[in-house]
Amino acid sequence: MPILEKKSGGRWFFWLTIFAIFCTFVYLTRSVIMPFAAGIIIGYLFDPLIKKMTKHKINRTLATCIVLGLFIVAIVPTLILFISVINEQVSRFITSLPTLVPVLVTKVEPLFEKIGAIFPDLAPENIKESFQNNASNAVKIITSIAGKIVKSSFAFVSIASLVVITPVVAFYMMRDWTVFVKKID
């Protein structure tokens, strides 16, 4: 019996190690894997529509081109609009952030008075001054981080690869979905 326990313990360790290595690999290559995963998901979602089109005597490749074309025509303007709106909102927020700190201080000033009443040793002016200093530092840090995120070239490369690779993978997944399913079965 002790020999079996050692073997099963070794198996668990082996499979746990393999799982950890797999998770690490996926994490490290997530920007490369994402366009392929998105293409597979798109292929899976649109396969029923392509099957219906092939039942109406439309070639599977032509049905795939039609469905993918309609998908791209619908999604590209949506993404462009979405990205431009987010970019505009983030830019406005970053530029208005320094002016929001004094407004925030005036909004929480009654709270400082209440804290001063509860804790008489704390002067409301000291609390207010400390809050303003910390809020100003927080604004500087947030502005710096947001600027780095917006200007990050890795995000651009990731989006570009998503836009270029995903449609190609989606096309082949939609066209050959039945072949993949038969091979897996």
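Numbering starts at 1 and runs along the sequence shown.
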* Asked: Transitive ILVMFWY cluster of Met173 at side-chain heavy atoms under 4.5 Å: who else is in it?
  -> Phe36, Ile40, Ile41, Tyr44, Leu45, Ile165, Val169, Trp177, Phe180, Val181

* Please, which pairs that meet salt bridge (Lys or Arg N to Asp or Glu O under 4.0 Å) have at least one residue in residues 27-46, sequence neighbours excluded? -> none

* Group every Ile, Leu, Val, Met, Phe, Trp and Tyr by side-chain heavy-atom contacts under 4.5 Å, then state whether Ile33 and Ile42 land in the same group. => no

* Residues which pass ring pair (Phe, Tyr, Trp, His ring centres under 6.0 Å) with Phe25, listed by chain and number, not counting sequence neighbours -> none

* Asked: Taking only residues two or more places apart in sequence or in another chain, which ones pass side chain to side chain contact (heavy atoms under 4.5 Å, CB included) with Val85?
  -> Leu81, Gln89

* For the student: nearest non-hydrogen atoms of Pro167 and Leu68, plus distance -> O-CD2, 3.4 Å

* **SG on Cys65 to CD1 on Ile72, rounded to 0.5 Å** => 10.0 Å

* Residues forming a side chain to side chain contact (heavy atoms under 4.5 Å, CB included) with Thr78, sequence neighbours excluded -> none

* Asked: Is Leu28 isolated, or which residues cluster with it under the ILVMFWY side-chain rule of less than 4.5 Å, directly or via members?
  -> Tyr27

* Asked: By side chain to side chain contact (heavy atoms under 4.5 Å, CB included), which residues pair with Val179, not counting sequence neighbours?
  -> Asp176, Lys183

* Compare every heavy atom of Gly39 with every heavy atom of Thr166, then report the nearest pair and how far apart it is. => CG2-N, 3.7 Å

* Counterpart residues, ring pair (Phe, Tyr, Trp, His ring centres under 6.0 Å), relative to Phe171 (two or more places apart) -> none

* side chain to side chain donor-acceptor pair (under 3.5 Å) against Glu88, all qualifying residues, sequence neighbours excluded -> Arg92

* Could you grab the distance from atom CG of Leu62 to atom OG1 of Thr64, nearest 0.5 Å is fine? => 8.5 Å

* Test side chain to side chain contact (heavy atoms under 4.5 Å, CB included) applied to Ile21 - qualifying residues, sequence neighbours left out -> Thr17

* Asked: How long is the span from the CZ atom in Phe46 to the CD1 atom in Ile66, to the nearest 0.5 Å?
  -> 13.5 Å

Mind listing the side-chain donor-acceptor pairs of residues 47-56 below 3.5 Å, one per line with the distance, residues two or more places apart or on another chain?
residue: Asp47; atom: OD1; partner: Arg60; partner atom: NH2; Å: 2.6
residue: Thr54; atom: OG1; partner: Ile50; partner atom: O; Å: 3.3
residue: Thr54; atom: OG1; partner: Lys51; partner atom: O; Å: 2.7

